Amino acid sequence: MNAGRFVSAGRTDHRSQTMDRIIAAISIMILAVAVSCQDGAVHRPEQLGTRTVDVPALKNGVLETLDCGIDLFALPDQSGLLHAILYVRAGVGCEPHARPGLSLVTLEALVKGGTSAYTPGRMEEIRRDRGFSISYRMAGEWVEIEIEALKGDEREALTIFRELLLGGAFPAKAVDDAKAALSEMIGKKGKNPLDRTRSALYELMSEGGEQRNFFPDPGKVAFITRSDVVSFYRKRFVPAGSYIAINSEPSAASALARELFAGAAKKSPEACSSLPEKAGESSVIILQKTGAEKACLGIGKILELPGGEGMLKEKPLLDILGEVLCSESPLSRMNAELRGKRNIAGNVSLNITASRSPLSGFLEAYADPNAQDVGFASYIMSKTLTDLASNPPSVEELEQAKGRVLRKIGRASMNPREFLMLNMSFILQGFPAGYLNVYCGNVSGADAAAVAECAGRHFSLPRYKYAVYGSGDKFLKEISVYGKVTMRGAGD
């Protein structure tokens, strides 16, 4: 994910660059299927038909809950760099309906305005003299603030996290600057067809707009007050329900965190809104862009997940199916249909997200056909998804998909930061701290029957949502066969 910069060694970022990076990272977190093997981990081969795929033995971290309610995940490595990340449930999905954009303004104003102990001036000194780098981003309902420094600076890093979590200053100028930056970047980023389409698709999948729009009206942003920001901060930026991830020795990290957060109040945040657990009827939204030759087409579906222990097996199966449907391979089904056989789209992408707690899952796929081809592209994409139930992956497709999942693991195996973040991406979605080893074993051991059953559970009923950015007069008749159509201006 892209990251906005608070302070970054060797560079100074302008306000618009910072907010651009935040908005670029707002979309619901896409879990990369990649983990890391560390410290000479032993690989054991698993036989898949006529091919062999290595399954790395993964080093587990330690997850514990401090007295104040914050969860600390420590995963040591041999690198000389410190990676520490604070996760707070204070993202777009957590802001009040009456104040769209409040989460973004709060994050920007917090990091730009600093705290009483860590003023912007002091942070600049730390950056300059000690090589600290602090980045921040937003992914769905989560705010992430990351520090990169040298090993040995753990105390300073965790102290900064404590101050940002408990002592935000929010000077009026920082709030005003944050509002101006958000309004400016909405005007730029909000014109991106893919971002507009994704936002509309999430709105449809949320059955009435519970999922917040990623691009609020700048006029509404202007009504956000400092009081709104401070109130949101005090409700959302609390230890309980937040996480700290750090690549340090667990017992030392635990002792330090317990010392620094001693006495912090154990106050839980309110629940954030989430996507529904069941799919509704098919429907369509058109973001009318009169005269546009190209279109952006999005198809989404709520996945009805088993929950509990069942998700430990369901998640790997869904990731395998995602690789079968759309991957870097030109032979993956959507690539083959839309780009290879029919040449009606230049870009095709697909993401499947599955969370165990809160229980939530969805599929989203995007393509960029010409406006006159939207109807046909919608048919091909829908058919490719639905056919997965009646035409499950062949042995060859299954082998290739499992191999791609595990090769991603290998590509990330030498990167401590990616390994830390990958562990956390699963933890944030309700999987236990040691799940990655289970996950890899389940990917390796998944057989054709289990994958076919998973496909049948999720793709047999075509309850898809369709969002299209483009000139609706060129495809309205064709797209309307998929459900009730809502048409509104593209907002450009």
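It should be emphasised that the depicted structure is a prediction, and the values quoted were computed from it without experimental measurement.
Within the 3.5 Å criterion, the main-chain N or O of S227 finds no donor-acceptor partner in the side chain of S231. A donor-acceptor pair under 3.5 Å is formed between the side chain of E95 and the backbone N or O of L102. Of the possible polar contacts, one joining the K402 side chain to the S444 backbone as a donor-acceptor pair under 3.5 Å is found. With hydrogens and angles ignored, the 3.5 Å screen pairs no side-chain donor or acceptor of S199 with any backbone N or O of D195. Formation of a donor-acceptor pair under 3.5 Å by the D177 side chain with backbone atoms of A109 is not found in this model. No donor-acceptor distance shorter than 3.5 angstrom exists from the side chain of Y439 to the backbone of P316, with no hydrogens or angles considered. When atom types are taken as modelled, the side chain of S471 and the backbone of G291 share a donor-acceptor pair closer than 3.5 angstrom.
Under the 4.0 Å criterion applied to side-chain N and carboxylate O atoms, E146 and R137 are assigned as salt-bridge partners. The pair E453-K313 does not meet the salt-bridge criterion, since no charged nitrogen lies less than 4.0 angstrom from a carboxylate oxygen.
Every residue two or more places apart in sequence or in another chain that forms a salt bridge (Lys or Arg N to Asp or Glu O under 4.0 Å) with E397 is listed here: R333. With sequence neighbours excluded, the residues forming a side chain to side chain contact (heavy atoms under 4.5 Å, CB included) with A467 are T197, A200, L201, I285, listed by chain and number. Under the rule for a salt bridge (Lys or Arg N to Asp or Glu O under 4.0 Å), K235 has no partner lying at least two apart in sequence or in another chain. The ring pair (Phe, Tyr, Trp, His ring centres under 6.0 Å) test applied to Y233 returns F170, F237, not counting sequence neighbours. For A433, the side chain to side chain contact (heavy atoms under 4.5 Å, CB included) test picks out L63, F73, I427, with sequence neighbours left out. Residues satisfying the side chain to side chain contact (heavy atoms under 4.5 Å, CB included) criterion with S327, sequence neighbours excluded, are E323, S329, S332, R404. Checked against ring pair (Phe, Tyr, Trp, His ring centres under 6.0 Å), Y482 has the following partners two or more places apart in sequence or in another chain: Y466. Partners of K294 by salt bridge (Lys or Arg N to Asp or Glu O under 4.0 Å), not counting sequence neighbours: none found. Evaluation of the salt bridge (Lys or Arg N to Asp or Glu O under 4.0 Å) rule for R342 yields E337 as partners, not counting sequence neighbours. Taking the side chain to side chain contact (heavy atoms under 4.5 Å, CB included) definition, one finds that V485 meets it with V284, I286, L476, S480, sequence neighbours left out.
Residue pairs satisfying the salt bridge (charged side-chain N to carboxylate O under 4.0 Å, His left out) criterion with at least one member in residues 466-478, sequence neighbours excluded, are listed as follows: E293-K474. For residues 365-389, every residue pair satisfying the salt bridge (charged side-chain N to carboxylate O under 4.0 Å, His left out) rule, not counting sequence neighbours, is listed here: K383-D387.
Using modelled atom types and a 3.5 Å distance limit, the side chains of Y202 and E364 yield a donor-acceptor pair.
Each of K220, R234, R99, K179 was evaluated against D228; a single residue qualifies, R99, per the salt bridge (charged side-chain N to carboxylate O under 4.0 Å, His left out) test.
Between V143 and S103 there is no side-chain heavy-atom pair separated by less than 4.5 Å. Annotation: side chain of C296 is not in contact with side chain of R196 (no heavy-atom distance under 4.5 Å).
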